[in-house]
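Have a look at the structure below, then the notes.
Letters go in sequence order (proteins before strands), and every chain restarts at 1.
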Amino acid sequence: MPQNAHSPLSLATWNVNSIRARIDRVVDWIERSDVDVLAMQETKCKDSQFPFERFEKIGYEVAHFGLNQWNGVAIASRVGLDDVERAFPGMPGFAKDPEAEQAQEARAISAVCGGVRVWSLYVPNGRELTDRHYPYKLEWLDRLRSYAQKQLADDAGVRLAMVGDWNVAPLDEDVWDMEFFEGKTHVSAPEREAFDAFEAAGYKEITRGFTPGPGVYTYWDYTQLRFPKKQGMRIDFQVVSPALAERAAGAEIDRDERKGNGASDHAPVIVRFE
DNA sequence: ATGTCGTGGACGCCACGA
C-alpha cells in the first residue's frame, strides 16, 4: 500500500451522559451504525468504573479519561488506537479563585485511529456569564485553538479531528429562540469568536454543510419537553484539519437516538471521510 | 411520547451539575 494511501473512516461523536446508565444503548447504536470510531463525552465515571469489556466484545478498543463522577471522555475504535494522550498541551484546569490551584478536569482525550489524530472534547459549559466557569471556558477554547494552530504550523498535512460537545451555538439558528438565550452562555459573542477562531486558523467544521439548518440540533434539554417541542441546540461539532476536511463525504445527526426512554440528551453526530 | 436525568452520600431524600 502506498505510504499516503488512506482508507475511508466513519467518525462519530456523542455526549452519552453517563456510560454506565447508557451502555446497552451505546453498544446497540455502534453495532447498528457501524462506525469505525466513536468519541464519547460525559462518561461520568472513573477509569476503574468504565465498561471496557462491553466494547471489546464487539471489536472496539477503548481509551478513557475519567477522574470522578464529573465530565469523562473516551474514544472507541476498531481501526487502531495508538499514542493516547490525556488532556491537550496547555489545557487549563479550573480554579475556584485566581489564587487557588487549578484542578484538573477530564475533558480531553486523544488517540491516532485509522491514521487520524482524534480528540474527544468536552468543552466547559460556562454556566453563567458572571460565573468563573465562563472565563474558564473561553481560556480552555483559546488554549485548544493554540494547540491546533501549532499542529498545523508544524505539518500542513496533519490529519487532526477535534470532535465533541463544544457547548457553543455558533449561529443564531443553532438555538430555537435567540430571545430565550439573551444574556445566557453558549451564544455570547466571546464564545462564538472562540469557536470561529478555529476556522480562522485553517480548520473546518464538517457537519453543518451536510446538515444545514435552521431547526437542526444535536442537543435537547431533558426539561420542559424540549425534544417533542423541537427546541434544541446545535452544540456538537467535528472540527478538522484541511487534509482531513477535503476527504469529508457526508455527515448525519442521528436524531432518532434522542427518542424514547433512556436516551441521552445529545444525539450522535457522524461524519464519513473518504 | 413526553413537564428531566445522572451522580454520590447518606438514605428511602438531598445536593449538585447540566
Supply the atom-to-atom distance F94(A) CZ to Y136(A) OH, rounded to the nearest 0.5 angstrom. 8.0 Å
Between Y122(A) and W140(A), is the gap from one ring center to the other below 6.0 Å? no
Tell me if the centroids of the rings in W166(A) and Y219(A) come within less than 6.0 Å of each other. no
Set of ring pair (Phe, Tyr, Trp, His ring centres under 6.0 Å) partners for Y60(A), sequence neighbours left out: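 Applying ring pair (Phe, Tyr, Trp, His ring centres under 6.0 Å) to Y60(A) gives none.
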Pick the nucleotide of DNA chain B nearest each of Q224(A) and A21(A); which residue has the one closer to the 5' end?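 Checking each residue's closest nucleotide, the 5'-ward one belongs to Q224(A).
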By nearest-nucleotide position on DNA chain B, the 5'-leaning member of L225(A) and N261(A) is L225(A)
Regarding [X], tell me which of base, sugar-phosphate or nothing describes its non-hydrogen contacts under 4.0 Å with the strands shown.
X       : value
R258(A) : nothing
Y122(A) : sugar-phosphate
Q41(A)  : nothing
S18(A)  : sugar-phosphate
R226(A) : nothing

Quick check: do I30(A) and R78(A) have side-chain heavy atoms less than 4.5 Å from each other? no
Using the C1' atom in both, what is the distance from dC16(B) to dA10(B), to the nearest Å?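 The answer is 15 Å between these two C1' atoms.
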What interatomic distance, in whole Å, is found between C1' of dG3(B) and the corresponding atom of dT7(B)? 22 Å
Just by modelled atom types, is the V269(A) backbone N or O under 3.5 Å from a matching donor or acceptor in the Q238(A) side chain? yes
Using chain A heavy atoms and a threshold of under 4.0 Å, write down where along DNA chain B the contacts begin and end, 5' to 3'. dA1(B) to dA18(B)
